[in-house]
> 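This structure is in structure tokens; I'll ask about it shortly.
Numbered from 1 within each chain, the chains take letters A, B, ... in sequence-line order.
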Amino acid sequence: MKAMAITDLKKIYNAQTAALQNINLEVSHGEWVSILGPSGSGKSTLLNIIACLDRPTSGEVRIYDTNLVALNPKELALFRRENIGLVFQQQHLIPYLTALENVMLAQYYHSMVDEDEAVAALKRVGLGHRLNHIPAHLSGGEQQRVCIARALINDPKILLADEPTGNLDRENSGNVYDIFKQLHAEGHHTIVLVTHDEEAAKLGDRTVKIVDGRLSFDRTHSV
Amino acid sequence: MNNRQMFLTIVHKALLGKKMRFAIAVSSIVLVAGLISALLSVSLGIKARFGSEFRRFGANVVLYPKGGERVMNESLTRKLSSGELGRYLYGYVPFLNEQGVVNGKTMPVIGTDFRLARRVNPWWKVSGSYPDEGAGEVLLGIDVAERLGVRVGDRVRLNPNTGSVPASSVECKGCHSVLPENHNRRLEGRLAEVKSNCMSCHQAHSLGGGSSVEMRVSGILSTGGDEDGHILTDLSRAQSLFNKPGAVSQVHASVLTGGELSLEDISRVIESKLGDVQATPVSRIARAEDNLLGKVQLLLTLVTLIVLSTTGLTLASMMTASVMERGREIGLMKAIGATHRAIAILFLAEAASMGLTGGGIGLLLGFLMSQLIGESVFATAIPTPPVVFPLTILSVITLAVLSSVPSIKRAMSIDPATSLRGE
């Protein structure tokens with residue numbers, strides 16, 4: 001089953017800066033695709049478009065057969081809420097809410113809060129003992145794991161991660177990728193990982209490299 | 001935890017997460033709530049207080065006999081102090097207006113109840129003392145005293161004017177009751193010195209008779225009004241002297257205003273309850289009262305509006321600054337599924353919470369302020385009408401909510417992708 005189909009995608013800022021040009025990409029359900037590229041190559045722009053946070057200038061983006069280009073802002077927000085889990089490089093957490101409440105916030109804006117589920121999600125990422133800590137009292141790695149728990153709490157079809165270990169040390173990066181590997185092994189989620197770390201990119205099924213807004217290669221990794 | 005509790009948790013922690021900003025915003029709301037509640041209390045209480053204050057300036061309703069009659073029955077006045085009418089009346093005083101000859105000079109004579117007169121006309125100045133009831137004493141208006149060259153303690157001879165009253169009367173030298181001429185005739189004696197039983201005290205006393213009575217001047221009255229040209233005596237004595245038992249010419253009533261009924265309404269109530277009486281409001285007092293009240297209330301309204309506007313602008317700028325500071329947080333909420341409506345509701349709830357908190361504390365402050373104003377301006381506590389509480393809370397919540405509108409618009413326009421990039 002196709003999770004994602006991107007056809008002739010272009011994104012031009014201010015009518016002159018081409019962030020993305022002629023991107024064509026297909027991703028199957030359950031696949032882990034790593035998008036590799038240097039800073040400013042356009043990989044985060046692509047991720048934002050897939051995440052319904054931005055719109056392409058032209059082209060088509062289909063996610064599970066829904067054409068994102070045809071959706072209005074409200075429909076895009078609803079689609080994102082239902083189908084996409086986001087993990088950012090910076091651990092964007094609400095500073096005055098505890099780890100548990102940060103996870104429940106995603107439930108709250110999705111449908112109904114369920115504390116037991118939120119606790120289970122945090123336990124799954126190894127934070128069962130840090131439920132009631134606010135972000136300032138968590139390490140960077142722990143904060144990122146809270147973000148992963150929050151991204152997964154509504155069981156999204158696609159997990160999008162934008163440099164999730166960019167601010168973490170090696171040990172914490174390893175912990176985060178261990179979770180991604182586990183999720184991938186379960187096969188419920190399609191994972192799109194944006195990274196500039198080639199080693200991390202190789203953890204996925206496939207690596208797509210973007211240079212200057214264009215796909216430079218699309219390589220499937222051998223198992 | 002359910003969604004409602006989650007929402008309250010977010011609002012509560014968002015507000016307390018920025019304690020200093022919250023404290024400043026709430027403080028400004030406390031001040032405005034305090035001022036609003038104090039001014040509302042004063043504005044609403046001032047009506048009743050003005051009513052009481054104006055009662056010091058005398059009667060505001062005059063009761064006349066209906067149908068061109070010169071006098072009415074004194075018993076009607078007793079109805080004024082009872083039942084429903086009693087609630088509206090600060091006081092009343094009956095008058096019997098006649099003409100008499102005092103020390104050979106014709107002048108107006110008033111019979112009144114001095115106890116009641118002192119309540120209704122507290123500004124009357126008496127040099128000496130008010131006449132004691134039944135003591136055969138009179139109060140001379142200051143102009144009369146000068147005209148007659150009489151001082152306190154002197155005696156004057158009062159002769160009821162001929163025409164409308166009996167030409168002669170006698171006075172019991174024991175109880176000083178003034179008895180009509182026919183009483184003397186019944187005694188078949190001379191009017192000058194007869195021995196008999198007094199009709200009033202039934203004791204055997206000698207009766208001094210003739211067409212006049214001698215009375216002691218207990219005091220000189222100074223009012224600055226018509227009364228300065230009158231001679232005033234006890235109502236029952238005047239009724240007896242002028243042979244008008246139980247009659248009064250008019251009643252001055254001091255009606256409490258500031259309630260639901262206007263002075264005219266209360267006058268109509270008096271007329272309907274008393275029957276043969278025409279109740280006429282004293283328009284100059286009513287107008288002065290309305291004018292002053294209107295001006296004071298306008299002043300209070302303007303002050304309130306200025307304070308509301310200033311605080312509204314302060315709150316609006318603080319909330320806009322808060323939204324700018326929390327741009328990434330708002331972007332994140334949108335990224336994880338918050339709709340524009342959800343963001344708007346969150347900020348409205350934060351504003352309303354600040355309004356509620358500030359309003360609650362401000363009410364207490366306002367109560368103290370109104371007491372201070374009451375004590376310093378009116379020398380008495382001003383009651384806080386119950387309606388002040390919901391009105392104040394509603395006002396400050398509305399103010400906080402309206403002030404948050406610009407910041408909410410800004411919050412709704414935040415692009416999550418941009419804000420999460422930290423731009």
> Which pair of non-hydrogen atoms, one from A335(B) and one from L86(A), has the smallest distance, and what is that distance?
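Shortest heavy-atom contact: O-CD1, 3.7 Å.
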> For the residue pair Y108(A) and N3(B), what are the closest heavy atoms and their distance?
CE1-O, 3.4 Å
> I'd like to know which of L93(A), L105(A), D54(A) tops the heavy-atom pair count under 4.5 Å against chain B.
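Result: the option with the highest number of such pairs is L105(A).
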> What part of I330(B) gets within 4.5 angstrom of chain A, counting heavy atoms only: side chain, backbone, both, or neither?
neither
> Can you tell me which portion of L16(B) sits under 4.5 Å from chain A's heavy atoms? Options are side chain, backbone, both or neither.
neither
> If you draw a 6.0 Å radius around CG in D65(A), do more than 12 non-hydrogen atoms from other residues or ligands fall strictly inside?
no
> Please flag which part of I94(A) lies under 4.5 Å from any non-hydrogen atom of chain B: side chain, backbone, both or neither.
both
> Could you have a look at D415(B), T339(B), I10(B) and say which one has the most heavy-atom pairs with chain A under 4.5 angstrom?
I10(B)
> Under a 4.5 Å heavy-atom cutoff, which of K74(A), Q107(A), E115(A), R80(A) has the most pairs with chain B?
R80(A)
> With no hydrogens and no angle check, is any side-chain donor or acceptor of H92(A) less than 3.5 Å from a backbone partner on L420(B)?
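Indeed, once roles are kept as given, a pair shorter than 3.5 Å links the two residues.
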> Can you confirm whether more than 12 heavy atoms, excluding those of Y64(A), are under 6.0 Å from its OH atom?
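Correct, the count exceeds 12.
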> Between E101(A) and chain B, which part of the residue has a heavy atom less than 4.5 Å away: side chain, backbone, both or neither?
both
> Given a strict heavy-atom distance threshold of 4.5 Å, which part of S111(A) is in contact with chain B: side chain, backbone, both, or neither?
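The answer is the backbone of S111(A).
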